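Atoms considered below: every heavy atom in the structure, side chains included; atoms not considered: hydrogens, waters and symmetry mates. Every chain is numbered from 1 and lettered A, B, ... according to where its sequence line falls, protein lines coming before strand lines. Keep in mind it's a predicted model, so treat the numbers as computed, not measured.
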Amino acid sequence: MTDIPKAYEPGQVEQKWYSFWMEQGHFIPKIDHRRKPFVIIMPPPNVTGELHLGHALTATLEDIMVRWHRMRGEPTLWLPGVDHAGIATQVVVEQKLAEEGLDRHKLGREKFIERVWEWVKKARHSITYQHQRLGASCDWTRERFTLDDGPCRAVRTAFVRLYNKGLIYRGERIINWCPRCQTALSDLEVQHKDVTGNLYYLRYPLADGDGYVTVATTRPETYLGDTAVAVNPEDKRFKGLVGKKAVLPVIGRVIPIITDSAVDTSFGTGAVKITPGHDPVDFEISERQSLAIVNILNPDATMNEEAGPYAGLDRFACRQKVLADFEKAGLLEKIEPHSHSVGHCERCQTMIEPEVSKQWFVKVAPLAEAAIEAVTDGRIVIIPERFTRVYLNWMENIRDWCISRQLWWGHRIPVWYCRKCSELTVSVDEPSSCSHCGSDDIIQDPDVLDTWFSSALWTHSTLGWPEATDDLAYFYPTSVMETGYDILFFWVARMIMMGLEDTGDIPFHIVYLHGLIRDEKGEKMSKVRGNVLSPTDAIEEYGTDALRFAVTTGTSPGNDINLGQHRLEAGRNFANKLWNAARFVCQSLDAEPTKGQALTEVAVLARLKGVDLWQALAKLVAAQAEPIEDRWILSRLNRLASNVTELMSNFQFGEAERQIHDFFWGEFCDWYIEIAKIRLSQPNSSPLPVLSLALETTLRLLHPFMPFITEELWQNLRRRLPNGSLASDSIMIAPYPVANGRAFDPEAERVMESVIEIIRSIRNARAEHKVAVAKWIEARIYTDKLQSAIASKSAVIETLAKARPLAVLSREQREAKEEKALVMVLKEADVVLPWAGMIDLAAEKQRLEGEINTVQNEIDRLEQRLKDAAFVSKAPAAVVEKERSKLQSYKDKVLRLEQELAQFS
RNA sequence: GGGCGAUUAGCUCAGCGGUUAGAGCGCCUGUCUUACACACAGGAGGUCAGUGGUUCAAGUCCACUAUCGCCCACCA
């Protein structure tokens, strides 16, 4: 009868439709200058390897937005890309080399770069493949890599422009040095961790041979770089010492004892050793006081020749040796345990050395000003809002950005040094000679740029900047920047600065920040913990749509997501539910002898009038009094479409998805389909048009979230509908459902709610009293207001509650002294089950009393409220009216309950 | 040292000032009812962390407290 399998098998379906979409070119926007485009530039994943769940979340959220806007008819661009990820990639390839017993120095720069490119080629392929598995509807024809020619030119152009404006400079400053990576790092790339160490009290003998000064330090080995001892000018304890000299033990350097107000009198002894070469605070003091700077370390953090007898020792070995020597000389006063935070390299976890070094910096403060303004004046909105303050806080306290890296993998700094006149040539294109003296003896700066420098240009470099391309003119500024809150500073903040600087316009209107994905216990996923879940594995086991459902349903912006297999199972189960509901509708369409006849009629009508098929059908249904469940489900569907549009517009995707899920499962499947089954066996009044309509509309509502299964089911349905019923050849370009205010049908909702309540009450009573599932029981329903409406649904109640004969009567028809029966008093009706013999009278009495009690409490509460003049006058009239009618219905209910209770006395 | 977030059912979380607070999973009872056992029907389970305030109305807004988590910071 049907070729549709019983369970959804995602694997077969996904590949088919992704290829179809690609072939049809549906991912590529058509530039239309009359329409405003919707644009997202994808945060480029690092080429370091496989995608993780964070990427899956990014791709899903962006795909949801992009598909939604595309279905709304906006020219939609989602531009994908990959980041060369300078240091991260270099570290990964170095590890590979280490496995072969090689290192980059053995290979040399050229060969090493070749090896990285080999890696990049493989990794890019895998990243693209994984995005496609995720269903990402991005425009692959516009894909970019940060080292492509275009972005490279953008990087050099931006650099030269900033340099010419004096916003990029080269200088000797204290920076973070990673001894393992052997490069400078920006402040952001340093992770601070609390370390329990010691505070060592060291005695420096005074030069005049009279006593000593004691300083406290966590890093005794740095005494080799000391060039002063400082005390607070207000500190009376050291009055006699200021101006004297101290002698550094072993190496014998004589250093002055000075005053500086930065010294905290309450810490340690109040006297501080000043090591300008290896401490940021000390460096600042040295600038104020014009102190000498001594660098005591080699790039690999062994001691250099400045360390005298300690030269060649590793920094930690040196510390032990220094301590032993001080101890021996009686100069180690005491050791106290001390906890403080120490910087570590983000990539390799090696302890960072603060070090004075000649590097390139961006002077950020002038750029930050414009970036602050763009957010405070509302041109850029950050979601969730609370990150606005985090952003502003960071921007307001921003420090210059060290952008040079002593790495090989990345954008080479576009600066050439002249060996003849020592001047710099800063140029976008490779110069052949020095721009100052014309000598051709020039050499390019060996360093590369921080990988985030090219990322900062990503929104405009991908669209063609610095060229004035059509793409740049049409798609920039982009609509939404969607990414994790963990790279707000690294990336988002810098894009805003550089976007404004380079183009004079904001790079995007909205920043949407998502949370981090953790495991089911809320712990960070990491290889060390072994709790990493790969998106590809999840897709293999549960399907892409299930994964997408799992990472987005019931989540909210900026909040972390705990993802375990239970969420994935829920997604898979929902997909299977969709599958089977659609299977049912398709089977019914196939089985109906007058296949799709009703639909055809409507379709013809619709075409004649030039309106949408579903609109015509909905109108037709609304005009009919019966069957009321058709009006009901269409009313509910409209309400859903209205809510979803509102939620999507407010970036509440998780909630939108949840509502679609609840409608589909809890109303369409649980009630509408079950009722439709009854009508299918009857000759007239086919439910097929409305079944098809409701299913098709829900599939479109859901498509942005679960693209594969919705396309598959939509196509299955489409094949069974009259030609031309659906305007497009793919759900992904079908129009997104728009709510029609006229389809709201409060009357139909009220009747169906009552019918459902009646059925539930009977099922409940059956279960409570352990009536066998197969047994038919007798039931009577007494109602005044809805008698005819409910009577018209008696077949539905009979079948779904297994109650026959069923009588639907007015309350007047109820005999005063009915036999003892089980009575359920509902909102609009009383349901009577005449089971005299099997009822525990005492228990029934108690149940009724309990119910009266509950309702009476509500009545008291409402009466209290309505008596309150403030409430009646200040609350909106609709709210007051709602409370009044609620009170009335409770009063009515309690009256009926009391009548029932009277039977027992 | 500064800042942010979380605290709602056994677990994981929605709920964005207006019904008697919801979902998934788990649990209990029953059912292989011709779309689906990845399911169906029924059920149990919550002083919305605490205190105070604003409001006609507070899980929702404000303040403080507690616990947990995160971010930032030049804690020698």
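For residues 266-287 of chain A, the set of pairs meeting the salt bridge (Lys or Arg N to Asp or Glu O under 4.0 Å) definition, not counting sequence neighbours, comprises A:Asp226-A:Lys273.
Against RNA chain B, the stretch residues 385-395 of chain A makes heavy-atom approaches under 4.0 Å through A:Arg386, A:Arg389. The stretch residues 862-876 of chain A comes close to RNA chain B through A:Arg865, A:Asp868, A:Ala870, A:Phe871, A:Lys874, A:Ala875, A:Pro876, each having a heavy atom under 4.0 Å from the strand.
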Its contact letters, B for base, S for sugar-phosphate only and - for none at protein heavy atoms under 4.0 Å, make nucleotides 33-40 of chain B read --BBSBSS

Reading nucleotides 43-49 of chain B from 5' to 3' and marking B where a protein heavy atom lies under 4.0 Å of the base, S where only the sugar-phosphate is that close, and - otherwise, the string is S------

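Note on A:Asn650: nothing from the nucleic acid sits closer than 4.0 angstrom, heavy atoms only.
Contact annotation: side chain of A:Tyr890 to base of B:U19, donor-acceptor pair absent below 3.5 Å.
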With both pairing distances under 3.5 angstrom for Watson-Crick or G-U wobble, and | for a partner in another strand, the correct string for RNA chain B is (((((((..((((....[...)))).(((((.......))))).....(((((..]....))))))))))))....

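Ranking B:A76, B:C16, B:A14 by closeness to the A:Arg658 side chain, first place goes to B:A14. Closest approach to the A:Glu858 side chain among B:G15, B:U20, B:G18 is made by B:U20 (side chain taken as heavy atoms from C-beta onward).
The closest donor-acceptor contact from the side chain of A:Asn559 to the backbone of A:Thr555 lies at 3.5 Å or more, if one exists at all.
Side-chain nitrogen and oxygen atoms of A:Ser556 include at least one within less than 4.0 Å of the OP1 or OP2 phosphate oxygen of B:A14.
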